Amino acid sequence: MYERRIEIRWADLDASRHVNNAVYLSYLEEVRTAWVERAVGDLANVWDYVLARVEIDYKRELTLADVAVVASCELARLGTSSVRTRERVVTESGEVAAEAEAVVVARDAETGASRPITDAERAGFSK
């Protein structure tokens, strides 16, 4: 599992003074991108993956009083050309704010079509 601490910024809040629901997705994207980078070994290779699906369950609102969250990402399943992840946003005190699953797909940079995950990428994701 890969984790990243993310400070809650004033700009993350909406008119109700809590973190906007779309910002949770940004927190998850930040940790997922870093997790994929670790797996494939190079930030340039991260762009060979695109988000195909995300499902999120909101469990608790977040406010500036929470100060920061810990977002996490881990492998749920490795397919032929896709990777399914399990992701969470948790307060620093350990309360779950959101749980999510995402699917990222390996794509061919020239054609834009999906492509099989290489053996090297597969090994990186399985670590």
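Remember, predicted model here, so these are calculated numbers, not experimental data.
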Q.
How close do V105 and A52 get, counting heavy atoms only, and between which atoms?
A. CG2-CB, 3.7 Å

(Q) Within the structure provided, determine whether E99 and E87 are in side-chain contact (heavy-atom separation under 4.5 Å). (A) no

Q.
Under the rule for side-chain contact (heavy atoms from CB on, under 4.5 Å), what residues qualify as partners of R107, not counting sequence neighbours?
A. V50

Q) Heavy atoms, side chains only, cut-off 4.5 Å: are L51 and R32 in contact? A) yes

Q: Not counting sequence neighbours, which residues clear side-chain contact (heavy atoms from CB on, under 4.5 Å) with R122? List them please.
A: L78, I117

Which side-chain N or O atoms in residues 10-17 pair as donor and acceptor under 3.5 Å with protein atoms at least two apart or in another chain?
residue, atom, partner, partner atom, Å
D12, OD1, R9, NE, 3.3
D12, OD2, R9, N, 3.0
D12, OD2, R9, NE, 3.4
D12, OD2, Y27, OH, 2.6
D14, OD1, S16, N, 2.9
D14, OD2, H18, NE2, 3.4

Q) ring-ring contact (aromatic ring centres under 6.0 Å, His included): which pairs involve residues 61-114, sequence neighbours left out? A) none

Q. Which residues satisfy the side-chain contact (heavy atoms from CB on, under 4.5 Å) test with I56, sequence neighbours excluded?
A. Y24, L25, L28, Y58, A98, A100

Q. Can you find a heavy atom in the side chain of E121 that is under 4.5 Å from one in the side chain of V36?
A. no

Q. Does some side-chain heavy atom of R84 sit less than 4.5 Å from a side-chain heavy atom of R53?
A. yes

Q | Test side chain to side chain contact (heavy atoms under 4.5 Å, CB included) applied to D66 and R60, step by step | A | CA-CA 11 Å; D66 290 303; R60 175 192 186 281; 3.1 Å; yes

Q) Do L62 and V69 touch side chain to side chain, with heavy atoms closer than 4.5 Å? A) yes

Q.
Among residues at least two apart in sequence or on other chains, which ones pass side-chain contact (heavy atoms from CB on, under 4.5 Å) with A39?
A. F125

Q: To the nearest 0.5 angstrom, please state how far the OG atom of S82 sits from the OH atom of Y49.
A: 10.0 Å

Q: Could you please spell out the steps behind the side-chain hydrogen bond (donor to acceptor under 3.5 Å, both in side chains) verdict for E29 and S26?
A: CA-CA 5 Å; E29 179 182 33; S26 294; 4.9 Å; no

Q | Chi angles and distances behind the salt bridge (Lys or Arg N to Asp or Glu O under 4.0 Å) call for R88, D57 | A | CA-CA 10 Å; R88 292 172 56 154; D57 292 320; over 6 Å; no

Q.
Looking at every heavy atom in both Y2 and R38, which two are closest together, and how far apart are they?
A. CD1-NH1, 2.7 Å

Q. Is it the case that more than 12 heavy atoms not belonging to E101 sit under 6.0 Å from its CD atom?
A. yes

Q. From T91 OG1 over to I8 CD1, what is the distance, rounded to the nearest 0.5 angstrom?
A. 9.0 Å

Q: Using modelled atom types only, decide if a donor and an acceptor are shared between the side chain of D108 and the backbone of E110 within a distance under 3.5 Å.
A: yes

**Q.** Closest non-hydrogen atom pair between L75 and S126, with its separation
**A.** CD2-CA, 4.4 Å

Q. Which pairs, with at least one residue in residues 68-119 and sequence neighbours excluded, count as a ring-ring contact (aromatic ring centres under 6.0 Å, His included)?
A. none

Q: Keeping to residues at least two apart or across chains, list the ring-ring contact (aromatic ring centres under 6.0 Å, His included) pairs with something in residues 95-119.
A: none

**Q.** Residues which pass side-chain hydrogen bond (donor to acceptor under 3.5 Å, both in side chains) with R77, listed by chain and number, not counting sequence neighbours
**A.** none

Q) Is T85 close to W35 at the side-chain level, that is, under 4.5 Å between some pair of heavy atoms? A) yes

Q. Residues two or more places apart in sequence or in another chain: which of them pass side-chain hydrogen bond (donor to acceptor under 3.5 Å, both in side chains) with E3?
A. none

Q.
Does anything in residues 69-124 form a ring-ring contact (aromatic ring centres under 6.0 Å, His included)? List the pairs, not counting sequence neighbours.
A. none

(Q) Test of understanding: with side-chain hydrogen bond (donor to acceptor under 3.5 Å, both in side chains), list the residues that count as partners of E92, not counting sequence neighbours. (A) R5

